[in-house]
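What follows is a set of notes on a single structure, which appears directly below.
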Amino acid sequence: MTDAGQTNEKLPADPAAVAPETDLMSKFDGLIAERQALIDTGVTDPFAIVMDRVKSPTEAVIKGKDTILLGTYNYMGMTFDPDVIQAGHDALDQFGSGTNGSRMLNGTFRDHMEVEEALREFYGVSGAIVFSTGYMANLGMISTLAGKGEYVILDADSHASIYDGCKQGYAEIVRFRHNSVEDLDKRLGRLPKEAGKLVVLEGVYSMLGDIAPLKEMVAVAKKHGCMVLSDEAHSMGFYGPNGRGVYEEQGCEGDVDFIVGTFSKSVGTVGGFCVSNHPKFEAIRLACRPYIFTASLPPSVVATAAASIRKLRHAHNKRAHLWENARRLHGGLTAMGFKLGTEKPDSAIIAVILDDQEQAVAMWQALLDGGLYVNMARPPATPAGTYLLRCSLCAEHTNEQIDAVLGMFQAAGRIVNAIS
C-alpha cells in the first residue's frame, strides 16, 4: 500500500477486460432442478421433513398429523428417559448453555470428564475421547492415525464420514469389496509389509442394516500386521451381552484397537467418541485437528450422554424388546412379499427395496399420509441404483405400533404395486 492508501497494482484500463464472474453455485443446477421437479409433483420433500412436535421416542406430529416414527436412530428410546432429561436440566442450571471453547482451552467441564468415564466403564477400556459428533470422531481418528506412507483399508460401502476421514489425511487408500473377507485378505497381501496399516470396518451398515463378518475380517487384518478400527455407531446399546456392539457379539474385543461410536443413536443425544485400550491413546488429544480446533459439546449434552450410557449398561429388557420388534417387523414385511435388504433381521435397521425413485417416493408419501415416517434413501447414500425405504426400530415401539406399521406398509405397497 502507498501512503495515500492506494495499491501500486495497475488496474485494467478497460473494465470489459476483467474476467466475468464464475458462479460457483452453478454446479448444483442439476440437483436444484431434480428437487424442484419432485416438489412440482405435489409430493412432500422427503429430505426436508419438519417435526412440529415430538411426543415420545416413537411418536411425533408432522404437518399437523400424529405420526409413528420409524425413521430415527433412537434405537433404545432414551430421548425421553426422565433421568437423562433431569441430568440435562441440572447441567444447564449449573454450567449454562455452552462452553465457548475447545477441549484444549476452556472447553472441558466436569461432565466432559464424567461422560468419558462412563464410556470407559461401559466398554471396559482404559481410554475414551469425546468428539462433537460421530462424523467428527471418524474424521479425526482416521486422519490422525494413518499418515503419509501408511495405508487405510476400508469397505467399499463405508459411511461418508469414513471416506471423508481418509480424504482429510495423507495415507494411501485401499478399498475392498463389501463384506468380502477374501478380497480384504488379497488386497492386504499386496501392500508393503513394513508400512503402517489401519483397517476400518463397521459393525452394522446403515443403509441395508447388514452386519460385517468382523471376527473373520479382524483375524485377516491381524495376520497382515494391521491395526483395526470398528465403527459401532449402529450397534451400540443393543448388540452383544453388554450392548457394546457387533465386535463384542462376535468375540473380537481383544483384537479391535479402536472403537468409534456416536451419542446420536442409542444414547439419544448428540456427540461422538472413540475408545481404546492402547497405552498411547491419550496422545490423540494432542494431534487430532477435529478434536483440537472445534468447540466442545455443551454441558447439558454431555450430562445427558453420561446418564444415558450408564443406564444402557443395565438395559437388558430394552435390548430384548428391540430385537423382538426387529423380528416382528422383518417377518411381517417378508410375508407380505416386500424385498428387504437382509434375509433375516440382522440389526434394528430394516430396508425395503423399491424398483426406482418414482416408486420409492410414492410409497414414502403414502406412508406419511397414513401416519408413518420412514427414511427414503437413494444414491449416492445407497449402493448404485438402489432406492429404498429405511426403517429404524426403537425399543419403545409397542406391539400395537408394529402391527399398525405393518398395516400401513401393506396398504401403501399395494397402492404403488410394490406387492400384490
Step-by-step side-chain hydrogen bond (donor to acceptor under 3.5 Å, both in side chains) determination, Gln365 to Asp369: CA-CA 6 Å; Gln365 183 69 60; Asp369 291 343; 2.9 Å; yes
Criterion salt bridge (Lys or Arg N to Asp or Glu O under 4.0 Å) on Lys222 and Asp257, from CA distance to verdict: CA-CA 11 Å; Lys222 292 303 175 181; Asp257 300 282; 2.7 Å; yes
Test side-chain hydrogen bond (donor to acceptor under 3.5 Å, both in side chains) applied to Tyr135 and His159, step by step: CA-CA 9 Å; Tyr135 176 96; His159 190 267; over 6 Å; no
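Between atom NE2 of residue His397 and atom CD1 of residue Ile68 there is a gap of 7.0 Å, rounded to the nearest 0.5 Å. One finds the CD atom of Gln401 at 3.5 Å from the OG1 atom of Thr58 (value rounded to the nearest 0.5 Å). To the nearest 0.5 Å, atom CG of residue Leu297 and atom CZ of residue Phe263 are 7.5 Å apart. Distance check: Glu324 CD to Ile402 CD1 gives 9.0 Å after rounding to the nearest 0.5 Å. Note that the CD1 atom of Ile292 and the OG1 atom of Thr144 stand 8.0 Å from one another [nearest 0.5 Å]. Between Cys166 atom SG and Leu198 atom CG the span is 8.5 Å, to the nearest 0.5 Å.
Environment of CZ in Phe47: crowded, with over 12 heavy atoms of neighbouring residues, nucleotides or ligands closer than 6.0 Å. Other residues, nucleotides and ligands contribute more than 12 heavy atoms inside 6.0 Å of the CG atom of Asp40. No more than 12 heavy atoms of other residues, nucleotides or ligands shown are found within 6.0 angstrom of CD on Glu182. Surrounding CD of Gln36 are more than 12 heavy atoms belonging to other residues, nucleotides or ligands, all under 6.0 Å away.
Residues Phe122 and Phe273 keep their aromatic ring centres 6.0 Å or farther apart.
Between Arg120 and Glu117 there is a salt bridge, since at least one side-chain N of the basic residue sits less than 4.0 Å from a carboxylate O of the acidic one. The pair Arg244-Glu249 does not meet the salt-bridge criterion, since no charged nitrogen lies less than 4.0 angstrom from a carboxylate oxygen. With respect to Asp403 and Arg328, a salt bridge is recorded, a charged nitrogen being found less than 4.0 Å from a carboxylate O.
Taking the six-membered ring for Trp and thresholds of 30 and 60 degrees, Phe109 and His112 have ring planes more than 60 degrees apart, a perpendicular arrangement. Using a 30° and 60° split on the angle between ring planes, Phe281 and Phe258 fall in the tilted class, from 30° to 60°.
Screening Ile62, Val61, Thr67 for a side-chain contact (heavy atoms from CB on, under 4.5 Å) with Met51, the sole residue that qualifies is Ile62.
Between the Gln357 side chain and the Arg378 main chain, no donor and acceptor come within less than 3.5 Å of each other. The backbone N or O of Ser206 sits less than 3.5 Å from a side-chain atom of Arg390, completing a donor-acceptor pair. Side-chain atoms of Asn179 come within 3.5 Å of backbone atoms of Ile211 as a donor-acceptor pair (strictly under, hydrogens ignored). Although no hydrogens or angles enter the test, the distance criterion places no donor-acceptor pair under 3.5 Å between the side chain of Glu121 and the main chain of Arg310.
Between His178 and Asp183, the side chains place no donor N or O within less than 3.5 Å of an acceptor N or O (distance only, hydrogens not considered). For the 3.5 Å distance criterion, the side chains of Thr294 and Ser132 fail to qualify, holding no donor opposite an acceptor. Using modelled atom types and a 3.5 Å distance limit, the side chains of Asp90 and Gln86 yield a donor-acceptor pair.
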